[in-house]
Amino acid sequence: MSDHKSRVSFQHGQEYLAAISERWNYQILREVFFGVGRFGELKRALGISPNILTARLNSLTGLGLLTKRAYRPDKPWYEYALTDSARELVVPAIAAVTRWAETHATDIRRHFVRCELAAIWTGDCFAC
């Protein structure tokens with residue numbers, strides 16, 4: 001593989017990793033994966049403001065991770081679903097993050113209890 005092709009692939013990978021790592025995107029993808037696909041349902045499930053949800057859904061649709069389908073002919077109400085390519089990305093990512101959290105959550109919680117810095121976790125506690 002030429003250097004140009006590997007560089008382009010790596011940059012695309014970074015773009016998608018950044019997209020699913022964005023504060024709300026991972027949560028939206030997770031909810032859609034578990035069957036919560038309508039705008040109002042997502043808004044309630046996540047406690048997200050409508051304007052931010054709209055922007056995030058448009059971004060995820062633009063990246064080809066979600067499809068958008070009108071489910072009311074009389075109103076502009078939409079239902080979202082994962083694309084096949086998103087299933088290849090999101091399902092393993094959710095499984096990996098869940099496994100990691102189950103393995104390491106006890107250590108992180110123990111740290112929070114010990115130093116009382118539960119509000120922010122950066123990996124390096126400045127107080128300990």
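Counting from 1, the numbers follow the sequence of the chain as shown. None of the values given here were measured: they were computed from a predicted structure. Every heavy atom of this structure was used, including side-chain atoms; hydrogens, water molecules and symmetry mates were not.
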Hydrophobic cluster membership, with links at side-chain heavy-atom distances under 4.5 Å among I/L/V/M/F/W/Y: are Val91 and Leu65 in one? yes
Are the side chain of Glu22 and the backbone of Ala18 linked by a donor-acceptor contact shorter than 3.5 Å? no
Between Trp24 and Leu53, is a side-chain contact (heavy atoms from CB on, under 4.5 Å) present by the stated rule, with each step listed? CA-CA 8 Å; Trp24 290 107; Leu53 180 57; over 6 Å; no
List the steps and the verdict of side-chain contact (heavy atoms from CB on, under 4.5 Å) for Leu57 and Leu42. CA-CA 10 Å; Leu57 289 169; Leu42 286 165; 4.1 Å; yes
Qualifying residues under side chain to side chain contact (heavy atoms under 4.5 Å, CB included), relative to Thr83, sequence neighbours excluded: Thr67, Ser85, Ala86
Is it the case that over 12 heavy atoms from other parts of the model lie below 6.0 angstrom from the CZ atom of Arg72? yes
Looking at CZ of Arg23 and CZ of Arg56, how far apart are the two atoms once the value is rounded to the nearest 0.5 Å? 11.5 Å
Does the side-chain contact (heavy atoms from CB on, under 4.5 Å) test come out yes or no for Tyr78 and Phe39, once each step is laid out? CA-CA 6 Å; Tyr78 299 97; Phe39 185 91; 5.9 Å; no
Rounded to the nearest 0.5 Å, the CG atom of Leu82 sits from the CG atom of Leu66 at a distance of 6.0 Å
Report all side-chain donor-acceptor pairs from residues 43-52 shorter than 3.5 Å, counting only partners two or more places apart or in another chain.
residue	atom	partner	partner atom	Å
Arg44	NH1	Gly40	O	3.4
Ser49	OG	Asn51	OD1	2.7

